Amino acid sequence: MVIGSGIFTVIGVAIGGNPAKLADWKDSPIIDLILHHGAVAGRPGAGPALAVSLVLVAVVCAFTGLCYAELASMIPIAGSAYTYAYAILGELIAWIIGWDLILEYAFGNMSVSVGFAAHIVDLLDWLGIHLDPKWLSPAFLPAGLQDLAGNDIYKPGWHWGFDIPAFLVVMLLTVILVRGVRESARTNNIMVLIKIAAILIFVFFGMSFIHPANYHPFSPNGFPGILAGGSIIFFTYIGFDTVSTASEECRNPQRDVPIGIIATLIVCTILYISVAVVLTGLVPWQSVANDGAPLVNALKRISLTPGGHRLHWVRLGVLLGAITGMISSIMVGQYGQARIWFAMSRDRMLPDAFSRLHPRFRTPAFATWFAGVLVAIPAGLFDVGSLAEMTNIGTLFAFVLVSAGVIVLRYKDPARHRGFRVPLGPVIPILSILFCILLMAGLPAITWVRFFVWLAIGLCVYVLYSRKRSEFYES
C-alpha cells in the first residue's frame, strides 16, 4: 500500500488555498467560475469540502492506474513510465515523459522537504527550543508567516532567509544514496505502517475535539475550491501507480490488478478523508492555509485550550510518525529521480556523466549528486504550495500521456500481448485523460506557464542534443 507523506503537509495548502491578489489569478482557466461563485481571489481553498476533492482524485487515480497497468503489462521488465514509453511508444514520447518525471520527482521531493522542515521546527518547539525563523522557513512565502495568534512574523513575499532543515535533509540522504544504501521492501512496509499509525493517532484523539461549527460553510468556494483542492491534494496519491506495475506477478491479472488498485485507493481515501474531516473540525479551515505542518500545529492550538493538554503527547507521536515517513519518501524520491537521469543517459539522451557509476559504491554518483543539489537549493527557497503545484501538473501530464498511449497502442499494435487489458475499451483511458486535464485546470495559470517553459526547455535539449546522440538518429 502507498500512503503519501504529503497528507501531513500538503493537506493544509489544499484546504486553505492561497489568498493571493486577483491579478495573480486573472489568467486562470477557471477564473470565470471563481468570480461567479464569489470565491476568494487566488487559488481557492476547498475548506471542509476537501473530503469531496479526495473522492474525485481517487476516481481519477483508479482510471489512470488501470491504464498504467496495461502499459506496464506489455513489456516483461519492471520500470518507470519512461521505460515503458521508450520500449513501446518511441523515443520522443519517452523523452517527454522522462523530462516530465524529472519535474515530478524533483518538485515532489522539494515539497516533502519543506514539510519535513516545518515538522522539525514544530519538534523543536515541542522540546522548548526556539531558533531564528529566518533559517527555518523558505525565503519565499506567498501568504507570509504568522504565529498561532495570527501576528505576522513575515509579510507575504520574499524575505532574507533560507530553510536550512529542508536543505540538509536532502543533502544528507544524497550522501547515503551515493554510498549505496537503499530501502528494502520490508523497510518500506515499516515506514508505511508508521505513517498509518500517525494518521490513526491524529484521527482517534482529534475527533474528540471537533467543533461542528467549523464545518460551516462546508464548501466555502464552491466547485472551484473543490477542484483546486483536488489539484493540490493529488500529491498525496503519487506513488499509487506502483501497484499497477505488478501485473506480471499476478495469477489472474485481469481480475487481481483492478482489485489491487481499487482496494488500495479505497483504503487511502478513507484514511485521507478521515484526516481532512478531523482537521477541519478541529480548527477553522482558514488557519491551516499554506501551513507546512497543519496536523501538528492544529494539535498544538487545541492543546493550549482548556481540556486539551492531553494532546501535547499526541502531537509528539504524530510528529515523529510524520518525520519518519517524510525521510522515507524523500529517499525514495531521490533514488527514483537519479535513476531517471541514469536511464536517460544510458539511452544516450543525456550526457554520459549521468550514467557513470561510482568506482567503489557502484551507484550513479553524479546523477545522485545532481538530483540532490537540484532539489535541496529550491527546497530552501520556496513554499510548499508553489512546489506542490508543479509536482501535480507534471504528474497529471505524465498520466495523460500514459492513458493516451493505451488508446494509440490499441489501434497501432492490437495483436501485442497484454497481461492486463483496461476494461470497456477506450472509455476508461478517455475518462482518465479528461479527468486529469480537469484537475490540471484547477491549478493557477502561472503554474501552467512554468510547466510549458519546462517542456520547451526539454524539447530544445532533445532537438539540439539528445536526438543527435540517439542510436536511431540518421544524419
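Computed from a prediction, not measured in an experiment: that's the story for all the values here.
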Report summary line: Only one of V60, V57, I430 passes side chain to side chain contact (heavy atoms under 4.5 Å, CB included) with F435, and that residue is V60
Does any part of the side chain of [Y], heavy atoms only, come nearer than 4.5 Å to the side chain of [X], both counted from C-beta?
X    : Y    : result
T368 : R339 : yes
I7   : K195 : no
L279 : F202 : yes
W341 : L350 : yes
P351 : Y465 : yes
L123 : V296 : no
S113 : I330 : yes
I232 : L443 : yes

So, [X] side chain and [Y] main chain: donor-acceptor pair closer than 3.5 Å or not?
X    : Y    : value
T269 : L265 : yes
T363 : R179 : no
S432 : I428 : no

What's the spacing between [X] [atom1] and [Y] [atom2] if we round to 0.5 Å?
X    : Y    : atom1 : atom2 : result
W126 : L319 : CH2   : CG    : 9.0 Å
M390 : F107 : CE    : CZ    : 4.5 Å
Y272 : T236 : OH    : OG1   : 4.5 Å
I266 : L271 : CD1   : CG    : 12.0 Å
L103 : I393 : CG    : CD1   : 8.5 Å
F397 : I437 : CZ    : CD1   : 9.5 Å

Measure across [X] and [Y] and return the closest heavy-atom pair with its distance rounded to 0.1 Å.
X    : Y    : result
A106 : L374 : CB-CD2, 4.2 Å
N109 : S329 : OD1-O, 3.6 Å
G321 : A198 : CA-CB, 3.9 Å
H119 : I323 : CB-CG1, 3.8 Å
L439 : G230 : CD2-C, 3.9 Å
C67  : V406 : O-CG2, 3.4 Å

In residues 160-177, what donor-acceptor pairs under 3.5 Å come from side-chain atoms, sequence neighbours left out?
from	atom 1	to	atom 2	distance (Å)
T174	OG1	V170	O	2.7

Report task. Given side-chain contact (heavy atoms from CB on, under 4.5 Å), test Y462 with L92 step by step and report yes or no. Result -> CA-CA 8 Å; Y462 175 76; L92 177 59; 3.6 Å; yes
Report summary line: Contacts of F342 meeting ring-ring contact (aromatic ring centres under 6.0 Å, His included) (sequence neighbours excluded), chain-then-number -> none
**Report entry** Test side-chain contact (heavy atoms from CB on, under 4.5 Å) applied to D122 and R315, step by step
**Finding:** CA-CA 9 Å; D122 205 274; R315 176 183 162 210; 2.8 Å; yes
Report task. Let me see the working for M191 and V332 under side-chain contact (heavy atoms from CB on, under 4.5 Å), right down to the final yes or no. Result -> CA-CA 11 Å; M191 295 297 181; V332 171; over 6 Å; no
Query - side-chain contact (heavy atoms from CB on, under 4.5 Å) evaluation trace for H130 with L124 - result: CA-CA 7 Å; H130 303 284; L124 293 175; over 6 Å; no
